[in-house]
There are 2 protein chains.
Amino acid sequence: MQNNKDSNEAEAYQVRKLEITDKSKGFMELLQQLTVCDPVSDEEFQNRFEELKSCGDDHVICVIEDATSSKIIATGSVFIEKKFIRGCGKVGHIEDIVVDSSARGLQLGKKVVGFLVDHARSNGCYKVILDCSDDNKAFYEKCGFKEKEIQMVKYFI
Amino acid sequence: MQNNKDSNEAEAYQVRKLEITDKSKGFMELLQQLTVCDPVSDEEFQNRFEELKSCGDDHVICVIEDATSSKIIATGSVFIEKKFIRGCGKVGHIEDIVVDSSARGLQLGKKVVGFLVDHARSNGCYKVILDCSDDNKAFYEKCGFKEKEIQMVKYFI
């Protein structure tokens, strides 16, 4: 049985899908802690939000909102790639995991990754993959991932 | 100016998008050279083909057909992920590159990757990424890619 503190914490840090109003709750500012994230207008945000929404379960962005401050303090995404290999199998790709620097140590990253992994599994993926830096390898190992290949990149800009 | 041999070769090894009739031209057998690729029925193939086609330019599978044998001898895919970071940027993900074992040395892999990279660039991606084994790293470096991160995986089956 959970004690009050645990159940309060569980309630305070629930994972849910991104909502359009999250732009005003610091969602873009949170992403800036991950990488280059230029400001976007409300219209650009809405267009991208609608585009992703039209993918349904094939592309999901989740967030954790701090119930006290109403700020978005963690996020991550997963999209489902449909293949011909493995009997027309599907693969989940996890991207853009970030936890607010003021909310580290609360296991929110693990919670977000768990949510995305469960989403991929329940949507019939045979595996889920992600790319990370050497620094983050240990974290993803704790989430049940294993090192497999090398990520290669080509930049256009 | 190309000589006859060169122009014949260029014609013989053109990259084009996957067509539904490619199943009967050895497309699935080619994928078996890459990984586990269970046989799929014509109906399953058609359903997956239609699903991918509905994504338009956001998910493209290309092939090279040998004009002499009418066999598919090379393939690769790219899908375009839509993000909020980088000013609502887009990233191309290259997957499932394979060249028939009897057609190695003809630079078909480079041709397929070039096609997919061009597709990602012309569709507004700021970068294109892929995961590969250590053995294939040198090949992708020749295609203009650089090593960046570590790929982590979690299998469900």
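Throughout, protein chains are lettered first and strands after them, A, B, ... in sequence-line order, and every chain is numbered starting at 1. Scope of the values below: all heavy atoms of this structure, side chains included, with no hydrogens, waters or symmetry mates. Owing to the predicted nature of the structure, the values given are computational and were not obtained by experimental measurement.
- At a threshold of 4.5 Å between non-hydrogen side-chain atoms, the residues B/Arg86 and A/Cys37 do not count as touching.
- Cluster partners of A/Phe79, using a side-chain heavy-atom cutoff of under 4.5 Å among ILVMFWY residues and allowing indirect links, are B/Phe79.
- We find that A/Glu65 and A/Arg16 are joined by a salt bridge, their nearest charged nitrogen and carboxylate oxygen being less than 4.0 Å apart.
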In sequence, state the C-alpha distance, the side-chain angles, and the governing distance for B/Leu108 and B/Ile73, and then conclude on side-chain contact (heavy atoms from CB on, under 4.5 Å).
-> CA-CA 9 Å; B/Leu108 303 188; B/Ile73 53 171; 3.5 Å; yes
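- Side-chain contact between A/Asp42 and A/Gln46: absent, with no pair of heavy atoms (C-beta onward) separated by less than 4.5 Å.
- Looking at heavy atoms from C-beta onward, B/Val78 lies out of side-chain contact with B/Phe115 at the 4.5 angstrom threshold.
- A/Val98 and A/Val63 fall within a single hydrophobic cluster, where Ile, Leu, Val, Met, Phe, Trp and Tyr are joined by side-chain heavy atoms under 4.5 Å apart, directly or via other members.
- In terms of heavy-atom pairs under 4.5 angstrom with chain A, the leader among B/His59, B/Lys137, B/Arg121, B/Glu141 is B/Arg121.
- Contacts between residues 21-33 of chain A and chain B, defined by a heavy-atom separation under 4.5 Å, are made by A/Phe27, A/Met28, A/Leu31.
- Connection of A/Val15 to A/Phe139 is established within a shared hydrophobic cluster, with ILVMFWY side chains joined at heavy-atom distances below 4.5 Å, either directly or through further cluster members.
- Between B/Leu116 and B/Cys62, the shortest heavy-atom distance links the atoms CD2-SG, 3.7 Å.
- Residues of residues 126-133 of chain A having a heavy atom under 4.5 Å from any heavy atom of chain B, listed by number: A/Tyr126, A/Lys127, A/Val128, A/Ile129, A/Leu130, A/Asp131, A/Cys132, A/Ser133.
- For the residue pair B/Glu81 and B/His93, a side-chain donor N or O sits within less than 3.5 Å of a side-chain acceptor on the partner.
- Heavy atoms of B/Cys55 lying under 4.5 Å from chain A are absent altogether.
- Chosen from B/Asn136, B/Leu34, B/Asp96, the residue pairing most often with chain A at heavy-atom distances under 4.5 Å is B/Asp96.
- Of the residues considered (A/Asp134, A/Ile85, A/Thr35), A/Ile85 shows the highest number of contacts with chain B, using heavy-atom pairs under 4.5 Å.
- For the options B/Phe49, B/Tyr140, B/Phe84, heavy-atom pairs under 4.5 Å to chain A are most numerous at B/Phe84.
- Looking at B/Val117, the atoms closer than 4.5 Å to chain A (heavy atoms on both sides) sit in the backbone and in the side chain alike.
- For a residue to count as touching a neighbouring chain, one of its non-hydrogen atoms must lie under 4.5 Å from one of that chain's; by this rule B/Val36 touches chain A with backbone and side chain alike.
- Using a 4.5 Å heavy-atom threshold, the side chains of A/Val113 and A/Cys143 count as touching.
- The side-chain heavy atoms of B/Val91 and B/Cys125, taken from C-beta on, include no pair separated by under 4.5 Å.
- Considering only heavy atoms from C-beta on, A/Leu18 stays 4.5 Å or farther from A/Thr75 through its side chain.
- Proximity to chain B is absent for every atom of A/Ile94, based on heavy atoms less than 4.5 angstrom apart.
- The shortest distance between side-chain heavy atoms of A/Lys71 and A/Asp100 does not fall below 4.5 Å.
- Comment: A/Asp58 engages A/Lys82 in a salt bridge, judged by a side-chain N to carboxylate O separation of less than 4.0 angstrom.
- Ion pairing between A/Glu50 and A/Lys53 fails under the 4.0 Å rule for side-chain N and carboxylate O.
- Taking non-hydrogen atoms and a 4.5 Å limit, the residue list of residues 146-157 of chain B in contact with chain A, ordered by number, reads B/Lys146, B/Glu147, B/Lys148, B/Glu149, B/Ile150, B/Gln151, B/Met152, B/Val153, B/Lys154, B/Tyr155, B/Phe156, B/Ile157.
- For B/Glu95 and A/Lys83, the salt-bridge test passes: some basic side-chain N is under 4.0 Å from an acidic carboxylate O.
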